[in-house]
Q: 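Mind looking over this structure? Questions follow.
Worth saying up front: this structure is predicted, and the values here are computed from it rather than measured.
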Amino acid sequence: MSAPRADQLNPAVLAALGHLELVARWAVDGFITGLHRSPRKGFSVEFAEHRPYMPGDDLRYLDWRIAARADRWLVKQFEEETNARAVLVLDTSKSMQWTGDPSRLTKLAYAEHLMAAFALLLLRQRDAVGLVRFDAGLRNVIPPRAQRAQWRRLVAALDEPGGGDASDVAGAMMQAGRIVRRPGFVVVISDFLVEPGPVADAARTLRARGHEVLMVHVMDPAERDFPEAGEARYRDPESGLEVPAAPSDVRAAYQETVREALDEWRAALGRAGARYAVATTDEPFGKALRLLVGANGRGAMI
């Protein structure tokens with residue numbers, strides 16, 4: 001039996017093996033290995049133009065017919081290789097720093113690893129990627145670039161302060177829309193502990209400007225399942241509100257409330273033209289990457 005790919009490992013186990021940069025590379029390499037087609041082919045479906053061959057280019061994209069007929073070495077470029085621009089919008093608020101089990105990553109750590117891996121995946125196919133980090137306000141704004149050094153800028157930004165008490169998701173989305181100069185992609189990674197209305201309005205505005213909008217709802221499994229435990233006081237990390245309860249008394253009502261909340265988000269964002277996906281922190285990074293890559297209904301995100 002072959003060893004599991006890195007992107008299929010438990011996220012906490014994979015994260016424990018090295019720094020974020022190394023983990024992201026492993027996750028991406030494992031994800032690409034699992035694709036039936038190369039990421040370049042999978043993400044680029046329409047031929048756009050030729051360009052002269054340069055040392056280091058992948059020979060699979062060399063137009064051999066022209067090389068044989070005219071002794072000219074030209075590389076095929078695809079429409080979406082040159083057009084894609086994406087901004088990743090990352091929630092760093094205090095609630096994102098929570099985990100229901102010390103053996104799992106916090107929601108923020110999971111989101112950061114996912115963001116780093118997805119940015120690396122895009123940059124490897126020469127797409128431009130930027131970043132907006134936020135909590136109650138904007139923490140970092142990095143315009144999209146397709147340069148190799150861009151990934152290190154994005155990863156370095158994760159060390160900057162964050163952890164405010166609130167999440168201005170809608171404001172961060174609008175900032176992301178402003179730094180994408182032409183229609184592109186806005187990808188929001190958050191636990192969405194806010195009201196759906198303003199976020200859906202922001203998504204609708206971005207869609208009207210021609211942007212594709214994808215919302216990734218990061219949850220800890222304990223938020224979804226409400227596991228067994230003794231009577232305790234439950235505290236909202238952002239508002240500070242505390243409520244005493246025995247899990248057995250409130251689990252069914254809690255789970256129904258969570259289902260209704262997720263349905264509300266899905267419906268509100270669907271009406272706004274955005275795509276919505278839930279990722280839990282016990283899921284391998286490869287599964288979450290597939291949500292992102294396959295989320296635009298064309299078999300690939302970009």
Q: For Arg266, what residues pass the salt bridge (Lys or Arg N to Asp or Glu O under 4.0 Å) criterion, not counting sequence neighbours?
A: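 Testing Arg266 for salt bridge (Lys or Arg N to Asp or Glu O under 4.0 Å), a comparison that skips the adjacent residues, returns Asp263.
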Q: Please enumerate all residues that pass side-chain hydrogen bond (donor to acceptor under 3.5 Å, both in side chains) together with Asp168, with sequence neighbours excluded.
A: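 Partners of Asp168 by the side-chain hydrogen bond (donor to acceptor under 3.5 Å, both in side chains) criterion come out as none, since no residue qualifies.
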Q: State, yes or no, whether a side-chain contact exists between Leu158 and Leu90 at a heavy-atom distance under 4.5 Å.
A: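 Yes. Closest side-chain heavy atoms under 4.5 Å.
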Q: Do Leu88 and Ile189 have side-chain heavy atoms sitting under 4.5 Å apart?
A: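 Not in contact.
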Q: To the nearest 0.5 Å, how far apart are CG in Asp127 and CZ in Arg85?
A: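 It comes to 10.0 Å.
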Q: A side-chain contact here means heavy atoms from C-beta on lying under 4.5 Å apart; do Val129 and Leu131 qualify?
A: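 The answer is no; the side chains never approach within 4.5 Å.
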Q: Rounded to the nearest 0.5 Å, what separation is found between the OH atom of Tyr276 and the CG atom of Leu262?
A: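 That separation rounds to 4.5 Å.
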Q: Taking salt bridge (Lys or Arg N to Asp or Glu O under 4.0 Å) as the definition, give me every residue that meets it alongside Asp225, ordered by chain and number, with sequence neighbours left out.
A: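 Salt bridge (Lys or Arg N to Asp or Glu O under 4.0 Å) list for Asp225, sorted by chain: empty.
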Q: Minimum heavy-atom separation for Met215 to Val213, with atom names?
A: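 So the minimum-distance heavy-atom pair works out to SD-CG1, 3.6 Å.
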Q: Which pairs would a plain distance check flag for residues 203-210, meaning a side-chain donor or acceptor within less than 3.5 Å of a matching protein atom at least two apart in sequence or in another chain?
A:
{"residue": "Arg204", "atom": "NH1", "partner": "Asp201", "partner atom": "OD1", "Å": "3.0"}
{"residue": "Thr205", "atom": "OG1", "partner": "Asp201", "partner atom": "O", "Å": "3.0"}
{"residue": "Arg207", "atom": "NE", "partner": "Gly273", "partner atom": "O", "Å": "2.9"}
{"residue": "Arg207", "atom": "NH1", "partner": "His211", "partner atom": "O", "Å": "2.9"}

Q: Holding to side chain to side chain contact (heavy atoms under 4.5 Å, CB included), I want the full list of residues that pass it with Ala279, two or more places apart in sequence or in another chain.
A: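 Partners of Ala279 by the side chain to side chain contact (heavy atoms under 4.5 Å, CB included) criterion, ordered by chain and then number, come out as Tyr110, Val216, Glu283, Ala288, Leu291.
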Q: Does Trp151 reach the side chain of Arg124, with side-chain heavy atoms less than 4.5 Å apart?
A: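 A side-chain contact under 4.5 Å is absent here.
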Q: Is any side-chain heavy atom of Leu214 less than 4.5 Å from a side-chain heavy atom of Phe185?
A: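 SC-SC contact between Leu214 and Phe185 ruled out.
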Q: Only one of Val194, Asp135, Val199 clears side chain to side chain contact (heavy atoms under 4.5 Å, CB included) with Ser167; which?
A: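 Answer after filtering Val194, Asp135, Val199: Val194.
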Q: For Leu74, which fellow cluster members are found when Ile, Leu, Val, Met, Phe, Trp and Tyr are connected by side-chain heavy-atom distances below 4.5 angstrom, either directly or through intermediates?
A: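 Taking Ile, Leu, Val, Met, Phe, Trp and Tyr as members, Leu74 shares its hydrophobic cluster with Ile66.
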Q: If the condition is side chain to side chain contact (heavy atoms under 4.5 Å, CB included), which residues does Ala268 pass it with, not counting sequence neighbours?
A: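 If we apply the side chain to side chain contact (heavy atoms under 4.5 Å, CB included) test to Ala268, skipping adjacent residues, the hits are Pro196, Ala200, Arg271.
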Q: Please find the pair of heavy atoms, one from Pro161 and one from Arg139, that lie closest to each other, and give the distance.
A: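 Minimum heavy-atom separation between Pro161 and Arg139: O-CD, 3.4 Å.
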Q: Find out whether Thr106 and Met96 are in side-chain contact, i.e. whether some heavy atom of one side chain is under 4.5 Å from a heavy atom of the other.
A: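 Thr106 does not reach Met96 side chain to side chain.
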Q: Name all residues meeting the ring pair (Phe, Tyr, Trp, His ring centres under 6.0 Å) criterion together with Trp73; count only those two or more places apart in sequence or in a different chain, and write none if there are none.
A: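 Result, ring pair (Phe, Tyr, Trp, His ring centres under 6.0 Å) vs Trp73: Tyr53.
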Q: Hey, what's the ring geometry for His217 with Trp265, parallel, tilted or perpendicular (30° and 60° as the breaks)?
A: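 Rings of His217 and Trp265: perpendicular, as their planes differ by over 60°.
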Q: Between Ala172 and Val89, what is the shortest heavy-atom contact and its length?
A: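 For Ala172 and Val89, the tightest heavy-atom pair comes out as CB-CG1, 3.7 Å.
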Q: Under the side chain to side chain contact (heavy atoms under 4.5 Å, CB included) criterion, do Val258 and Glu223 qualify, and how do the steps go?
A: CA-CA 8 Å; Val258 170; Glu223 289 180 302; over 6 Å; no
Q: Taking C-beta and beyond as the side chain, do Leu292 and Leu121 meet within less than 4.5 Å on heavy atoms?
A: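 They are not in contact (no side-chain heavy atoms under 4.5 Å apart), so the answer is no.
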Q: Tell me, please, which residues at least two apart from Val13 pass side chain to side chain contact (heavy atoms under 4.5 Å, CB included).
A: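 Expected list: Asn10.
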Q: Tell me whether the count of non-hydrogen atoms from other residues, nucleotides or ligands lying under 6.0 Å of CZ in Arg178 goes above 12.
A: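 Check passes, neighbour count above 12.
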Q: Going by the rule side chain to side chain contact (heavy atoms under 4.5 Å, CB included), which residues pair with Ile179 if we only count those two or more places apart in sequence or in a different chain?
A: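 Ile179 satisfies side chain to side chain contact (heavy atoms under 4.5 Å, CB included) with Val87, Val132, Val141, Pro144, Gln175 once adjacent residues are dropped.
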Q: Holding to salt bridge (Lys or Arg N to Asp or Glu O under 4.0 Å), I want the full list of residues that pass it with Glu256, two or more places apart in sequence or in another chain.
A: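 Salt bridge (Lys or Arg N to Asp or Glu O under 4.0 Å) list for Glu256, sorted by chain: Arg259.
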Q: Can you name the residues that form a salt bridge (Lys or Arg N to Asp or Glu O under 4.0 Å) with Arg145, not counting sequence neighbours?
A: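 Here no residue qualifies.
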Q: If you compare all heavy atoms of Ala222 against all heavy atoms of Trp98, which two are closest, and at what distance to 0.1 Å?
A: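 Looks like CB-CH2, 3.9 Å.
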Q: Where do Gly130 and Leu154 come nearest, in terms of heavy atoms and distance?
A: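 Shortest heavy-atom contact: C-CD2, 4.1 Å.
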Q: Could you tell me the separation between the CZ atom of Phe134 and the OG1 atom of Thr92, rounded to the nearest 0.5 Å?
A: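 The OG1 atom of Thr92 is 7.5 Å from CZ of Phe134, to the nearest 0.5 Å.
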Q: Is any side-chain heavy atom of Ile142 closer than 4.5 Å to one of Gln150?
A: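 Yes, their side chains come closer than 4.5 Å.
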Q: Nearest heavy-atom pair of Phe285 and Leu14: which atoms, and what distance?
A: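 Looks like CD1-CD2, 3.7 Å.
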Q: Above 12 or not: heavy atoms from other molecules or residues under 6.0 Å from CD of Gln255?
A: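 Above 12, so yes.
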Q: Give, for atom CG of Asp220 and atom CG of Asp282, the distance between the pair rounded to the nearest 0.5 Å.
A: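 Atom-to-atom, Asp220:CG and Asp282:CG are 7.5 Å apart.
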Q: Identify the residue among Thr281, Thr99, Asp191, Thr280 that makes a side-chain hydrogen bond (donor to acceptor under 3.5 Å, both in side chains) with Lys107.
A: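 The option that passes is Asp191.
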